[in-house]
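Counting from 1, the numbers follow the sequence of the chain as shown.
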Amino acid sequence: MWIAAAFITMISFGTNNTIFKWSTGNGLSKLHIQFFFYFVAFVVSFGYGVMNGILHFNLFTIFLGSLIGILNANGNIQMSKAFEKGPASLTSPLIGTNALFPILSAGLIFHEKISLLQWLGIVFMLGSAMVIQYSPSSKRNTSYLPWILRVALAILSFGILGILMKTSTYLHINSVNILISMYGGGSVYLAICSLLQKEKWRRNEAGVGAMVGIISVFGYAAYFFALQFGAASIVFPIVSLNCLIVVLAGCWIYKEKLKLYQIIGVFSAVLGILLTKI
């Protein structure tokens, strides 16, 4: 069940990233879409908690959840800025290495035991996620120092985020309360960022953000379930393969063609998944 939950998260995140790709290509603000998706997700998760009587907050839960939300939002912002500053061909693959942080912490901090075959599967999945996102044909003017800084901040944000998510399940904190704090804290952070950047608001950003928010609630609920009952060192690489959904959606929606190295990456990802299940 926890592997199935990890796949649900992978599909949810991949779907949302596809929507982000489409929306930014149509001139919508990724920052505003994120704000609406966080706000709608906060309302949905809070409503669910009220209806089921499972709201049990303390300062630590609010702080931890808010920090997770801020790190996720900041990671997305830094990634967007990195695409503007440096080579797109390397930005996604490099940021994808953030999964190494929570994977290593699973063994070093949370004492998970992973077999040699499973480690091989993890390497295959992470390698595949990096290869699939590589695009050698991408060209743009590069400002290397700002680009490296943005990439490093994105890696740190996503990497620490993964460790904190595993920490919350390790401490048996109710995932709904973490989600509420995460989306609430993230909403405040994104509202402040929006005020500082003074971007123009568009009406259709609210609709797109609401859709992304609802998908995100299901994705993160499955994510916490997978981390609570499964091996984090396997869950994180599976979730990192959400780029597969983006690539396949690009083939379907935009009629993009898979390159040979991407096809190899898809097959090696499947092989990695099979190895982790042995």
Which atom pair, heavy atoms only, marks the closest approach of [X] to [Y]?
| X | Y | value |
| --- | --- | --- |
| Ser268 | Phe124 | O-CB, 3.6 Å |
| Ala5 | Ala226 | CB-CB, 4.0 Å |
| Met165 | Leu227 | CB-CD1, 3.9 Å |
| Trp2 | Phe229 | CD1-O, 3.7 Å |
| Ile245 | Thr15 | CG2-N, 3.9 Å |
| Phe57 | Ser181 | CE2-OG, 3.5 Å |

Greater than 12 external heavy atoms within 6.0 Å of [X]'s [atom1]:
| X | atom1 | result |
| --- | --- | --- |
| Phe39 | CZ | no |
| Phe63 | CZ | no |
| Leu59 | CG | no |

- Task: Check step by step if side-chain contact (heavy atoms from CB on, under 4.5 Å) holds for Leu179 and Phe46.
- Result: CA-CA 9 Å; Leu179 281 174; Phe46 186 80; over 6 Å; no

Heavy-atom donor-acceptor pair, [X] side chain to [Y] backbone, under 3.5 Å:
| X | Y | answer |
| --- | --- | --- |
| Thr9 | Gly219 | yes |
| Glu205 | Phe36 | no |
| Ser157 | Leu153 | yes |
| Asn17 | Gly14 | no |
| Asn242 | Val239 | yes |
| Ser240 | Pro237 | yes |

- Message: Give me each pair satisfying side chain to side chain donor-acceptor pair (under 3.5 Å) with a member in residues 46-65, each pair once, sequence neighbours excluded.
- Response: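 Of all non-adjacent pairs touching residues 46-65, those that pass side chain to side chain donor-acceptor pair (under 3.5 Å) are Asn58-Thr61.
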
- Query: Which pairs pass side chain to side chain donor-acceptor pair (under 3.5 Å) with one or both residues in residues 214-235, sequence neighbours excluded?
  - Reply: Asn72-Tyr220, Glu112-Ser233, Tyr183-Ser216

Supply the atom-to-atom distance [X] [atom1] to [Y] [atom2], rounded to the nearest 0.5 angstrom.
| X | Y | atom1 | atom2 | answer |
| --- | --- | --- | --- | --- |
| Gln118 | Met125 | CD | CE | 9.0 Å |
| Tyr38 | Ser45 | OH | OG | 11.5 Å |
| Ile3 | Met10 | CD1 | CE | 12.5 Å |
| Ile11 | Thr18 | CD1 | OG1 | 11.5 Å |
| Ser105 | Leu164 | OG | CG | 9.5 Å |
| Lys200 | Ser29 | NZ | OG | 12.5 Å |

- Query: After noting the C-alpha distance and the side-chain angles of Ile8 and Phe218, does the key distance pass the side-chain contact (heavy atoms from CB on, under 4.5 Å) rule?
  - Reply: CA-CA 8 Å; Ile8 290 172; Phe218 286 105; 5.5 Å; no

So do the side chains of [X] and [Y] get within less than 4.5 Å of each other, counting heavy atoms only?
| X | Y | value |
| --- | --- | --- |
| Leu100 | Ile155 | no |
| His32 | Ser194 | yes |
| Phe101 | Ile163 | yes |
| Gln78 | Leu156 | no |
| Leu271 | Phe267 | no |
| Leu71 | Phe158 | no |
| Leu126 | Phe236 | no |

- List the steps, then state whether side-chain contact (heavy atoms from CB on, under 4.5 Å) holds for Ile19 with Ile215. CA-CA 11 Å; Ile19 295 172; Ile215 296 171; 4.1 Å; yes

Are [X] and [Y] joined in one hydrophobic group, where the rule is that I, L, V, M, F, W and Y side chains link up if heavy atoms are under 4.5 Å apart?
| X | Y | answer |
| --- | --- | --- |
| Met1 | Phe7 | yes |
| Met130 | Ile132 | no |
| Phe60 | Ile109 | yes |
| Phe13 | Val217 | yes |
| Val44 | Leu55 | yes |

Tabulate below the donor-acceptor pairs under 3.5 Å that side-chain atoms of residues 169-176 make, not counting sequence neighbours, or state none.
residue, atom, partner, partner atom, Å
Thr169, OG1, Lys166, O, 2.8
Asn174, OD1, Val176, N, 2.8
Asn174, OD1, Asn177, N, 3.3

